[in-house]
Amino acid sequence: TTVIPDNTVLCKRKPVTGTFYQEVIKGLSAPQKYLDSKYFYDAEGDRLFQQIMQCQEYYLTGCEMNILSARSAEIAATLALQASTFDVVELGAGDATKSIHLLRQLLANGTDFTYFPIDISANVIRHLEQQLPAQLPDLRMKGLNGEYFDMLQQVNTYSRKKKVVLFMGGNIGNFNPAAAHNFCLELRNYLSPGDLLLTGFDLKKNPQVILRAYNDTAGITRAFNFNLLTRINKELGADFDINRFEHYPTYDPGTGACKSYLISLEKQQVKIGQDAVISFEAFEPLYMEISQKYALEETNQLALETGFQPVARFLDDRKWFMDALWKR
Ligand code: AVI
């Protein structure tokens, strides 16, 4: 900080660097501008996502809750048939409100297992370690805070048993099909033969229902998208004016790609930190997120081409969402 003669205080901002900065600049400099949706989840993004999950139009959470609350006995029985003993690992455990049904059922069945929730957020793991024992006193658990694959490897230092990996919430949909393929291939490398994966897929359905889920009337999903621009302003010293962009979700019923864009409403320049200036043309799209929807057959194909065997599928009453059980 420098004080100049008229007593104005100038804050010399440290140049912003780091992975977040580099990935933002890379995305905004690409011929088709994009931002990585993994950056949606700062504290405000987490809060907005909680609100999205409560939204009447956002059916995904209710569907998967329906599967877990109504069919945990069936899921637990299927797991027991597939593996005589196992531990449960959850990728992106969040608040475990869905998986708790399965954990409770496994305990009721007398299954001898340890639960390893993995999350990138230290807060989430701390919260789970405080809250879960009160709800499930008999649960043995060990929370792991970090990247999925690093933490999956760490599980091996605690457990020699087969793994049942939970990857719920339709998170696989936030990869485009090629990236989902690569994710499954890489995940397979961290698993051993006989390990199981229970993963959520949002299924193709009436396109209007899908589009409404990403364009709720209360504008929460809109705010969720804009929050990433606000985050870039705060953390990287940028000057995005969100009033000069419009939220534009799309759904292609042929490919199942539900994509969200922010459209620049005018020709404009945005400064990122001290050194970067990004030019937008009028109506130029900024691609924010994909939420890929699948046909049942496409999920089987994904399993088979990445070295998994589809073993069972659990759908909600409306058949809008599926938790698929695959075996490595
Ligand atoms: C986290 N993920 C599964 C959500 C989805 O449906 O793609 C994220 C989300 N984006 C907008 N609404 C919800």
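Counting starts at 1 for both ligands and their atoms, following the listed order. Note that the coordinates shown come from a computational prediction; the quantities given were computed from them, not determined experimentally.
Shown in contact with Gly169 at under 4.0 Å from a heavy atom are these atoms of ligand 1, numbered in order with element: 3 (C). Here is the list of ligand 1 atoms found below 4.0 Å of a heavy atom in Ile52: 12 (N).
Heavy-atom proximity to atom 13 (C) of ligand 1, evaluated over Tyr58, Tyr41, Tyr59, is greatest for Tyr58.
Not one N or O of Lys293 is nearer than 3.5 Å to an N or O of ligand 1, by distance alone.
Looking only at heavy atoms of the protein, atom 2 (N) of ligand 1 is closest to Asn174 OD1, 2.8 Å. What sits closest to atom 7 (O) of ligand 1 on the protein, heavy atoms only, is Ser291 OG, 2.6 Å. Counting only heavy atoms of the protein, atom 11 (C) of ligand 1 lies nearest to Glu289 OE1, 3.4 Å.
Counting heavy atoms closer than 4.0 Å to ligand 1, residue Tyr214 contributes side-chain atoms (C-beta onward) but none from N, CA, C or O.
Residue contacts with ligand 1 include Gly170, since one or more of its heavy atoms lies under 4.0 Å from the ligand.
Few gaps surround CD on Glu74; more than 12 heavy atoms of other groups in view lie less than 6.0 Å from it.
Annotation: cation-pi geometry satisfied between Arg231 and Phe20 (NZ/CZ under 6.0 angstrom from ring centroid, within 45° of ring axis). For the pair Lys259 and Tyr287, the cation sits on the ring face: its NZ or CZ lies under 6.0 Å from the ring centre, inside 45° of the axis.
Distance alone, capped at 3.5 Å, places no donor-acceptor pair between the Asp87 side chain and the Lys161 backbone.
Checked against the 6.0 Å centroid threshold, Tyr214 and Tyr251 do not count as a close aromatic pair. Proximity of the aromatic rings of Phe201 and Phe167 is defined here by a centroid distance below 6.0 angstrom, and this criterion is not met. If you look at Phe245 and Phe226, their ring centroids are not closer than 6.0 Å.
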